Chemist: 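Encoded as structure tokens, here's the structure I'll be asking about.
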Amino acid sequence: MMDKHYDAKAAEAKWYPIWEKNGYFHQEPDGREHYSVVIPPPNVTGILHMGHALNQTIQDILVRWRRMQGKNTLWLPGTDHAGIATQNVVEKALKKEGKRRQDLGREKFLERVWEWKKQYGGTIVHQQRMLGNSTDWQRERFTFDEGCSRAVAKVFTQLYNEGLVYKGNYIVNWCPRCGTALANDEVEHEPNHGHFWYIRYPVVGSAKGAAGEPYKDYVMVATTRPETLPGDTAVAVNPKDDRYAHLVGKTVILPLTGREIPVISDDYVDREFGTGIVKITPAHDPNDFLVGKRHGLAEINIMTDDAHMNELAGEKYCGMDRWECRKAIVDDLEAGGFLDHIEDIDNQVGHCYRCHETVESRLSKQWFVKMKPLAEPAIAAVKSGEVKFVPERWSKIYFNWMENIQDWCISRQLWWGHRIPAYYLKKTISTGGVRGDHSPSGSGEMVFVAETAEEALAQAKAKTGNAALTLADLEQDPDVLDTWFSSWLWPFSTLGWPEKTKDLEYYYPTTDLVTAQDIIFFWVARMMMAGIHFMKKPPFRNIVIHGIVRAADGSKMSKSKGNSLDPLELIDQYSADALRFSIALITSLECDTKVNKEKFEIGRNFTTKIWNAAKFLQMQMEAFPQEGFGSSIDGQTAFGQSLSADDRHILYAADLACRKVNEILEAYRIQDGALAVYDFFWTQICDGYVEYVKDSPNKAVSVAILRDVFWKALRLLHPYMPFVTEEVAHQLGFLKEDETIMLQKFPEGYTDAEKAAWGVTEENYDFVNAKREAITAIRALRAEYKVPPATWVKVTVARGTDGSSPLLGHPLCGQPAAGGYGAPAPLPADEVKVLAKAMRAESVEFAPAGSDLAMPSKITKFGTVYLSLEGLVDKAAESKRIAGELAKLAGFIKSSEAKLANENFVAHAPDAVVAEARRKLAENKEKVAQLEKLAKLFA
RNA sequence: GGGCGGUUAGCUCAGUUGGUUAGAGCAGGACCUUUACACGGUCAAGGUCGGGGGUUCGAGUCCCUCAUCGCCCACCA
């Protein structure tokens, strides 16, 4: 006997280890078609959040479904070493000990990070198991493991040799707190209430008030960043700006410094904005940097790594923090009479996505990847349809980004990460006139890029002609690579590349990639480029993009806001199956989804429903032993002869559900699939068939059918709810102890031969639906006339000859006679009995169509159903009651009509009150009409 | 500024290529503790599908336009 209540915790704790231990998640390359997916590796520092839950539930549904379909399936798990995030975590821990990473030194610090990883890095991986992920843990990878690191070094070296990796002086987004360059997409722009300082730059040699000339002796520059002033090397105007055309080519004096700088013209300047004159600070603004390049301006870097002013900012400001310096400069400008006025302005300021410090634009030497040549084939692969976005519209966003792609800054000033495999000669080494030099502003440096230090040394020897060089003379670039530089290789580095492994050959390209929209650029686009460039094939065939889980108010879930749901808490409270099913049901690929905790009750309730229905089935199977009945469980279905209409109805529904779910999942419509199995199980099996089975005239057959469709339903459900389906399948004896539902065949529906043998047809399906419509109509009439549930009524059905029923011609519904419609064939007595019970009717009689009986009725596809109230109500008493009701209502209607006719009321009362009065009036008029109709019946 | 989306029941969302009377779940209402299940059952109610215009025999669905909310990219010195 099954327990009264389903113990989800126990079942989930029991099955996952069994699945994993038995290697059900693991398959080896073979002759079958493969289905492979790589997981978007979560940060090793991460903990499972709702985004993961959604993302991984979708993947697991697809993977379990494909596996049950018999495909050779691989879902490869792993984690990302997450450069800054991980380094931050360990640095924070160090801080508690009062230490900084610099105190430990690079090597010792890295040891600490590895120790941390060993101790805590498994957190998310364990949490993923709680979700029920059927990932192949035997193939788990880490972006910083040995194999991935080898792949990274090889890729960097190859791209360098191909001229696609270069080191360049560039203006980068710099986080002064993290001490690292940030990629554009790692900068978050936020609205800022700032100021516009209007500053006068005196013009050199301009005669004050020259006759007829409108210009003054200074130019007015507006800036939001006065502290960068010492780095100015020009002021610029728009070439088409007539107001300032005469100034171009002249020289102005940079206030506070006395330095003379040119006035240049450049299209970049917006005539309408500010004063139309811009100060150009090439070393501290990305646009100014480009202007400077165009005009050959000097780049004066006036800040240090940690956003303090350096000696180039001038003696007075040197050493000041940038904000401090801003204040000092503004004060000095004012004192010197250079400050014209200050305006408030709302602008956007960039912040570090990790630590939220205000980002500084800064000139530095960084490593870059040339993206255009890589992007072109990646665009083509999607254009040609070789790789598809699901939903398709995301390809537009992909193209938009790829076609405007910028070079990728890949160096990071961190310690935790893949160290750049570039080597320099130490400065102390003299090599026949060539000096090793890798200072940011250095020139003429010699760099040796190679996968290993030994190879770099060989290069150095060859290049310098100095055979005496040793490894000790080389110095590796101190920077590490952007985290994404390892994750863009994920689809093939995890399969063994650069080795030519069996896995790589068999599982690459992977089939589907499932991810959220927020990393299309960071990750998806780059994987496309790397896959095509290094493997000569795109890394996946379909890119499935799902929405983002949002809080109930539509905002992003974040821990700091306290509006996030914790999937682990939901699992604890409702079970993993409930979480999975709910999230699959409520989210669509098309858009973001707002969720709140209550929504997860859907899945919990469904789990309970499945359990209870299983209990029912188990009881029935005990009462009606199934010997002699085959079923698809045993690979053969044989229910015997003469199936009833309801029996055939559920077989049709099961067939339909199986076909639908397969079709739906092929189209990645996870949500529709959830809805389809939910409806099949709950509406068709539980509400429909189980109720029938209870009173089935041929119960043993019906139980056999229930068993069969139940087993189909469990397998349909398994991808969504792996635990409860496994548990129930075992409890019901569908599986032997050493079997698993995971590897059973995913149902495809019945064969045409089976359906033909059983009489499973659409006509029959429609017929039963119509019959149920009649049952519903009677129930509605009972409720309408307040017939107590315990009372058995008399029902009359008029059908079959009025031509209105689409079911005419059905064997159970009556054949049309030669010249018109004849009398309907009577329903089999058994059928009538079951029908009557569902209606709680002591009798169901059939009358010719068109019988105009003096009874309440409803028209259905089954025919017109009449509810006899005879004997239920005392006609005289009912008449009296109706008369009383009518009198009361007449009074109400009279007074409310008078109220609404009162102009003062209509004009002054709140609209809602007037509307409500009108509504009530109409409603009660309706009631009167109904009562009058009914009164006639009792007359 | 460029790009992309949303607007359907009180709430959260479905609604495939245009096609009967627009569907779920939740919340709310009425009734029912019927021996699988109250995490349940039965029934009812709730919508001029953001506004306006157009194409069509027919529009929630296609086109135009307006409104409004949101996201992404770039960014004003």
Side-chain angles (χ1 to χ4, degrees), chain A residues 2 4-6 184-185 187 189 194 196-197 221-226 228 232 235-236 268-270 272-281 284-288 291 345-350 391 393-394 396-397 399-401 404 406 517-518 520-521 547-548 550 552 554-556 574 578 582 585-588 590-596 598-599 601-620 663-664 667 669 671-672 674-675 678-679 682-683 686-687 690-691 693-694 775-784 786-790 806 837-838 840:
Chain A
M2 288 170 70
K4 186 151 191 234
H5 299 289
Y6 173 52
N184 277 340
D185 27 39
V187 178
H189 291 272
F196 231 173
W197 284 272
V221 168
T223 181
T224 56
R225 303 213 47 205
T228 64
D232 289 2
V235 296
Y268 152 70
V269 181
D270 181 351
E272 310 300 321
F273 195 81
T275 60
I277 307 179
V278 192
K279 68 189 210 52
I280 301 296
T281 322
H284 294 281
D285 182 278
N287 287 307
D288 293 7
V291 174
I345 186 173
D346 289 326
N347 60 355
Q348 301 265 316
V349 170
R393 65 186 168 88
W394 291 108
K396 289 188 212 167
I397 288 162
F399 292 139
N400 198 280
W401 188 72
N404 298 299
Q406 304 289 312
Q517 66 212 41
D518 52 352
I520 292 179
F521 307 141
I548 290 172
R550 313 190 83 94
S555 64
K556 267 194 182 174
Y574 298 130
S582 302
L585 188 72
I586 64 182
T587 61
S588 93
E590 296 295 332
C591 61
D592 294 355
T593 310
K594 295 175 205 164
V595 299
N596 55 45
E598 287 67 45
K599 292 202 165 167
E601 288 175 6
I602 301 170
R604 190 268 316 263
N605 294 353
F606 192 31
T607 313
T608 307
K609 190 74 179 179
I610 293 166
W611 186 258
N612 285 320
K615 273 194 310 192
F616 173 79
L617 174 57
Q618 192 181 50
M619 285 165 62
Q620 300 305 316
E663 199 185 301
I664 284 168
R669 301 163 69 95
Q671 183 182 34
D672 291 354
L675 204 62
Y678 184 84
D679 178 72
W682 203 309
T683 310
C686 294
D687 294 346
V690 161
E691 292 307 315
V693 170
K694 285 176 183 171
I775 294 169
T776 297
I778 289 298
R779 285 172 178 166
L781 287 169
R782 291 179 63 114
E784 212 172 301
K786 307 232 183 293
V787 179
K837 189 164 180 200
R840 297 187 74 75

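The structure displayed is predicted, hence computed values, not measured ones. In the text below, chain A, chain B and the rest are named by the order of the sequence lines, each starting its count at 1.
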Chemist: Decide yes or no, distance alone: a donor-acceptor N/O pair under 3.5 angstrom between the base of B/C4 and the side-chain of A/R393.
Modeler: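 In this structure, the two groups form no donor-acceptor pair.
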
Chemist: Please find the pair of heavy atoms, one from A/Q618 and one from A/M2, that lie closest to each other, and give the distance.
Modeler: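 Looks like OE1-N, 2.9 Å.
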
Chemist: Whole angstrom is fine here: how far is it from NZ in A/K837 over to C1' in B/U35?
Modeler: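 About 11 Å, once rounded to whole Å.
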
Chemist: Do you know the tightest heavy-atom contact between A/R669 and A/I664?
Modeler: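 Nearest heavy atoms, A/R669 then A/I664: O-CG2, 2.9 Å.
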
Chemist: Answer yes or no: side-chain N or O of A/K609 and base N or O of B/C37 forming a donor-acceptor pair under 3.5 Å.
Modeler: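 Looking at the base of B/C37, it does pair with a donor or acceptor on the side chain of A/K609 (distance under 3.5 Å).
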
Chemist: Look up atom OG1 in A/T223 and atom CG in A/D232, then write down how far apart they are to the nearest 0.5 Å.
Modeler: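 Answer rounded to 0.5 Å: 7.5 Å.
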
Chemist: Rounding to the closest angstrom, what is the interatomic distance between B/G60 and B/G47 at atom C1'?
Modeler: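 Looking at atom C1' only, B/G60 and B/G47 are 11 Å apart.
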
Chemist: Work out which heavy atom in A/K4 is nearest to a heavy atom in A/N612; give both atom names and the distance.
Modeler: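 Distance-wise, the nearest heavy atoms are O-OD1, 4.2 Å.
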
Chemist: Give me the distance, rounded to whole Å, that separates B/G15 from B/C32 when you measure between the C1' atoms they each carry.
Modeler: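 After rounding to an integer number of Å, I get 33 Å for this pair.
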
Chemist: Regarding A/A780, tell me which of base, sugar-phosphate or nothing describes its non-hydrogen contacts under 4.0 Å with the strands shown.
Modeler: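 Contact class for A/A780: sugar-phosphate only.
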
Chemist: Rounding to the closest angstrom, what is the interatomic distance between B/U8 and B/A14 at atom P?
Modeler: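 Pairwise P distance, B/U8 against B/A14, rounds to 11 Å.
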
Chemist: Working to the nearest 0.5 angstrom, can you tell me the gap between A/K599 NZ and A/L585 CG?
Modeler: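 So the gap between those two atoms works out to 10.0 Å.
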
Chemist: Hey, does A/W682 reach any base, or is it just sugar-phosphate, or nothing, if we go heavy atoms under 4.0 Å?
Modeler: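 It contacts sugar-phosphate atoms only.
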
Chemist: Could you please name the partner base of B/A67, counting Watson-Crick and G-U wobble pairs only when both distances are under 3.5 Å?
Modeler: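 Pair assignment: B/A67 / B/U7.
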
Chemist: Please classify the nucleic acid contact of A/K4 as base, sugar-phosphate, or nothing, using heavy-atom distances under 4.0 Å.
Modeler: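 Counting heavy atoms under 4.0 Å across all strands, no contact is made by A/K4.
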
Chemist: With no angle test and no hydrogens, is the base of B/A24 tied to the side chain of A/Q671 by a donor-acceptor pair under 3.5 Å?
Modeler: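 It does not, because no donor-acceptor pair links the side chain of A/Q671 to the base of B/A24 below 3.5 Å.
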
Chemist: What is the distance, to the nearest angstrom, from the CG atom on A/D288 to the C1' atom on B/C76?
Modeler: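 Checked: the CG to C1' distance equals 12 Å.
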
Chemist: Find the distance A/E691:CD to B/U42:P and express it as a whole number of Å.
Modeler: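 Atom CD in A/E691 sits about 7 Å away from atom P in B/U42.
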
Chemist: Hey, which sits more toward the 5' end of RNA chain B by its nearest nucleotide, A/A777 or A/N612?
Modeler: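 Per heavy-atom nearest nucleotide, the more 5' residue is A/N612.
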
Chemist: P atom, B/G58 versus B/G53: distance in rounded Å?
Modeler: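 After rounding to an integer number of Å, I get 16 Å for this pair.
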
Chemist: Counting any heavy atom closer than 4.0 Å, what does A/V221 reach on the DNA or RNA strands: base, sugar-phosphate only, or nothing?
Modeler: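 Since no nucleic acid heavy atom lies under 4.0 Å of A/V221, the category is nothing.
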
Chemist: Specify the separation, in whole Å, of atom CE of A/M619 and atom P of B/U34.
Modeler: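 Rounded to the whole Å, the gap is 15 Å.
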
Chemist: Please tell me which of A/I397 and A/L617 maps to the more 5' nucleotide of RNA chain B, matching each residue to the nucleotide holding its nearest heavy atom.
Modeler: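 Its nearest nucleotide lies further toward 5', so the answer is A/I397.
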
Chemist: On a whole-Å scale, what distance lies between the C1' atoms belonging to B/A59 and B/C64?
Modeler: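 Rounded to whole Å, the distance is 15 Å.
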
Chemist: Using a heavy-atom cut-off of under 4.0 Å over every strand shown, decide if A/R604 touches base, sugar-phosphate, or nothing.
Modeler: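 Contact class for A/R604: base.
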
Chemist: Between B/C63 and B/U7, how far is it from one P atom to the other, in whole Å?
Modeler: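 Per the computed distance, 14 Å lies between those P atoms.
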
Chemist: How close or far is atom P of B/U12 from atom CG of A/L585, stated in whole angstroms?
Modeler: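 So the two atoms are 16 Å apart, to the nearest Å.
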
Chemist: Determine the minimum heavy-atom distance between A/V291 and A/I280, stating which atoms define it.
Modeler: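 That closest heavy-atom pairing would be CG1-CD1, 4.0 Å.
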
Chemist: For the residue pair A/W401 and A/I520, establish whether any side-chain heavy-atom pair is separated by less than 4.5 Å.
Modeler: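 Of all side-chain heavy-atom pairs linking A/I520 with A/W401, none is under 4.5 Å.
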
Chemist: OP1 or OP2 of B/G40 versus the side-chain N and O atoms of A/N605: is any pair under 4.0 Å?
Modeler: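 Yes, such a contact exists.
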
Chemist: Give none if B/G46 has no partner; otherwise give the nucleotide forming a Watson-Crick or G-U wobble pair with it, both distances under 3.5 Å.
Modeler: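 Answer to the pairing question: none, since B/G46 forms no Watson-Crick or G-U pair.
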
Chemist: Write down the distance separating the C1' atoms in B/A22 and B/G46, rounded off to the nearest Å.
Modeler: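 Their C1' atoms lie roughly 14 Å apart.
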
Chemist: Give A/G194 one of three labels, base, sugar-phosphate or nothing, depending on what nucleic acid heavy atoms sit under 4.0 Å from its own.
Modeler: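 A/G194: no heavy atom of the nucleic acid under 4.0 Å.
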
Chemist: For the pair made of CZ in A/R840 and P in B/C43, what is the distance, rounded to whole Å?
Modeler: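 Rounded to whole Å, this separation is 14 Å.
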
Chemist: Rounded to whole Å, please give me the gap between CZ in A/R782 and P in B/C43.
Modeler: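 Distance, rounded to whole Å: 12 Å.
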
Chemist: Could you please name the option among B/C32, B/U42, B/A36 that lies closest to any side-chain atom of A/P789?
Modeler: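 The answer is B/C32.
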
Chemist: Distance between the P atoms of B/C72 and B/C66, in whole angstroms?
Modeler: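 These two P atoms come out 25 Å apart once rounded.
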
Chemist: What contact category does A/Q620 fall into here, base, sugar-phosphate, or nothing, at under 4.0 angstrom with non-hydrogen atoms?
Modeler: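 If one applies the 4.0 Å heavy-atom cut-off, A/Q620 turns out to touch nothing in the nucleic acid.
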
Chemist: Going by distance alone, is a donor N or O of one side chain under 3.5 Å from an acceptor N or O of the other, for A/T683 and A/D679?
Modeler: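 Note: A/T683 and A/D679 side chains meet the donor-acceptor criterion.
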
Chemist: Hey, does the side chain of A/N287 come within less than 4.0 Å of B/C76's phosphate (OP1/OP2), counting only N and O?
Modeler: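 Looking at the OP1 and OP2 atoms of B/C76, one of them is under 4.0 Å from a side-chain N or O of A/N287.
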
Chemist: Looking across every strand, which nucleic acid part, if any, lies under 4.0 Å from A/D672 by heavy atom: base, sugar-phosphate, or nothing?
Modeler: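 Sugar-phosphate contact only.
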
Chemist: In the strands shown, is B/A74 matched to any nucleotide by a Watson-Crick or G-U wobble pair with both distances under 3.5 Å, and which?
Modeler: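 Partner of B/A74: none found under 3.5 Å.
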
Chemist: OP1 or OP2 of B/G40 less than 4.0 angstrom from a side-chain nitrogen or oxygen of A/T608, does that happen here?
Modeler: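 For B/G40, neither OP1 nor OP2 has a side-chain N or O of A/T608 closer than 4.0 Å.
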
Chemist: Establish, with yes or no, whether the OP1 or OP2 oxygen of B/C11 is under 4.0 angstrom from a side-chain nitrogen or oxygen of A/K599.
Modeler: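 A/K599 to B/C11 OP1/OP2: no side-chain N or O under 4.0 Å.
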
Chemist: Starting from C1' on B/C11, measure out to CD1 on A/I602 and report it in whole angstrom.
Modeler: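 Going from A/I602 (CD1) to B/C11 (C1'), I get 12 Å.
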
Chemist: Within the 4.0 Å heavy-atom criterion, would you say A/T607 contacts the bases, only the backbone, or no part of the nucleic acid?
Modeler: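 Counting heavy atoms under 4.0 Å across all strands, no contact is made by A/T607.
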
